[in-house]
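Contents: one structure, followed by commentary.
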Amino acid sequence: MNRHFPNSFIRLTLLVILLPLLFSGCVDGRVSTQPSTPKKLVIADQFGLAYAPIEILKATEILSEELAKAGLETTDVEFKTLGNTAAIREAMVSGDLDIGFVAIPPFLIGKDNGMDWRIISGVSESPMALVTKDPDLTSLSQLTSEHRIMLPQLGSVQHILLSMAAEKELKDPKAFDNQLIAMAHPDAMTAMLSGPKTQLHFTSPPYLEQELAQEDFHPLVDADTIMGGPFTFIVGICPQRVHDDIRLYNAFKSALLRAVTFMNTHPEEAAEIISAAYDYSAAELDLHLSNGQLRFDSEVRGLETFHEFMYRTGMIKNPQNLEDLYWRKNEN
């Protein structure tokens, strides 16, 4: 049996159905453009003063300001400190990490092994050196099979620099590969202070200065000598999925560049923040930051040198177009 409903009844029914939908997208009569679920941005750095601009992001409103400008003020930001690039790579692959900070060589190795990450910006240059506590050691050629060299991991910038030095001095870039111990810098410094003279540590600030302040501790070889001049230590990187979220990517990049600039234009404020983050006295921090080799800069230097050496020696298998290693396109 057909039933005929008056038009007024049909309109009333539709209104009852649609009212909740209309009000769920409006606030004070304005249609909301906010996502129903807030975004989350997970950022990871590592140990050392070369990551100081990330401490600026943690302690200031710079990142929240840039996110707000992009209409992303509800973004939940989480910072982590991980022990090495392997941990950063694994976290990115699993989707648990969005932005990472690494040295150039492990970035190139990850790229060579299929990671879709690219460079956002340079962050810092830093002094690095292979430190020994044996006063009789003066060159790599004196090292024997008994010596052990502590560094963050195979493929780390310290490992690649050591390989470059070994090639120059011993004609064999793999001369010390069987003598390496993967260890985070804080643990390696503890081992250096209490261990035998046959242990060495390839490290950077603040651990470098702390070790060199000890009696008989001295650099066996330093990074700038190996590279023939200054080079970028730390770069910021992210995978394709983060870059594709272009508003989020641009907001973070703007914040990172502001943090790097802050280190140079507000040195006293930056020093206070870093002192609190690393639990240093003003005197200790001044010792570290006054080192002319520790610089904060968004430019990337040394990428070509590392790429050429690592490809030539088989540490990476696929040559890269260097321009394709940066996120540059469609960023505005």
Side-chain angles (χ1 to χ4, degrees), residues 42-64 77-85 87-88 91 97 99-103 106 121-131 150-153 156-158 182-194 201-214 217 219 222-223 232-236 255-298:
V42 184
I43 302 164
D45 61 359
Q46 300 180 61
F47 297 103
L49 275 174
Y51 301 90
I54 294 81
E55 297 300 333
I56 301 300
L57 291 181
K58 295 177 187 178
T60 68
E61 298 299 315
I62 289 176
L63 180 53
S64 61
V77 178
E78 179 183 352
F79 289 96
K80 298 180 178 182
T81 298
L82 300 178
N84 54 42
T85 304
I88 287 177
L97 179 64
I99 306 286
F101 292 88
V102 301
S121 168
V123 174
S124 61
E125 300 175 7
S126 176
M128 281 179 279
L130 178 61
V131 178
M150 296 176 288
L151 42 72
Q153 67 184 60
S156 65
V157 63
Q158 292 86 357
M183 191 178 295
H185 288 306
D187 297 329
M189 185 177 76
T190 299
M192 280 288 286
L193 295 176
S194 60
H201 182 199
F202 210 135
T203 190
S204 56
Y207 314 101
L208 178 60
E209 288 87 356
Q210 292 174 9
E211 290 179 10
L212 294 180
Q214 307 298 313
F217 282 58
D222 71 88
T232 298
F233 179 20
I234 300 302
V235 294
L256 177 59
L257 296 179
R258 283 180 60 186
V260 171
T261 300
F262 187 92
M263 289 295 304
N264 298 308
T265 58
H266 297 76
E268 293 183 1
E269 292 178 62
E272 290 182 8
I273 292 170
I274 303 307
S275 178
Y278 290 96
D279 195 23
Y280 292 148
S281 68
E284 288 176 318
L285 188 61
D286 183 64
L287 172 66
H288 301 314
L289 294 180
S290 63
N291 188 322
Q293 291 179 297
L294 180 60
R295 292 182 288 268
F296 301 96
D297 193 342
S298 60

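Since the structure is predicted, the reported quantities are computational estimates derived from the model, not experimental observations.
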Roughly how far apart are [X] [atom1] and [Y] [atom2], rounded to 0.5 Å?
X	Y	atom1	atom2	value
Leu294	Met263	CG	CE	7.5 Å
Leu130	Met150	CG	CE	10.0 Å
Ser126	Tyr51	OG	OH	9.5 Å
Gln153	Thr85	CD	OG1	4.5 Å
Ile56	Glu269	CD1	CD	9.0 Å

Can you name the residues that form a side-chain contact (heavy atoms from CB on, under 4.5 Å) with [X], not counting sequence neighbours?
X	answer
Leu257	Ser121, Lys253, Ser298
Pro206	Leu49, Gln210, Tyr280, His288
Arg295	Glu125, Pro230
Glu268	none

With side chains defined as the heavy atoms from C-beta onward, is the minimum distance between [X] and [Y] less than 4.5 Å?
X	Y	answer
Asp297	Thr232	no
Phe101	Gln46	no
Ile234	Val102	no
Lys58	Asp45	yes

Please give me the minimum heavy-atom distance between [X] and [Y], naming the atom from each residue.
X	Y	answer
Ala255	Ile62	O-CG2, 3.5 Å
Ala277	Glu55	CB-OE1, 3.3 Å
Ala259	Leu57	CB-CD2, 3.7 Å
Asn264	Phe296	ND2-O, 2.9 Å
Leu63	Ile43	CD2-CD1, 4.0 Å
Leu82	Ala44	CD1-CB, 3.9 Å

Would Met189 and Thr203 count as a side-chain contact (heavy atoms from CB on, under 4.5 Å) if you check the C-alpha gap in whole Å, the side-chain angles of each, and the deciding distance to 0.1 Å? CA-CA 9 Å; Met189 185 177 76; Thr203 190; over 6 Å; no
What residues, two or more places apart in sequence or in another chain, satisfy ring-ring contact (aromatic ring centres under 6.0 Å, His included) together with Phe262?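 For Phe262, the residues satisfying ring-ring contact (aromatic ring centres under 6.0 Å, His included) (neighbours in sequence not counted) are His266.
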Listed by chain and number, what are the ring-ring contact (aromatic ring centres under 6.0 Å, His included) partners of His185, not counting sequence neighbours?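 Partners of His185 by the ring-ring contact (aromatic ring centres under 6.0 Å, His included) criterion, ordered by chain and then number, come out as His201, Tyr207.
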Verify the distance criterion only: is there a donor paired with an acceptor across the side chains of Ser64 and Glu61 at less than 3.5 Å?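 A pair is found: one side chain offers a donor N or O, the other an acceptor, under 3.5 Å apart.
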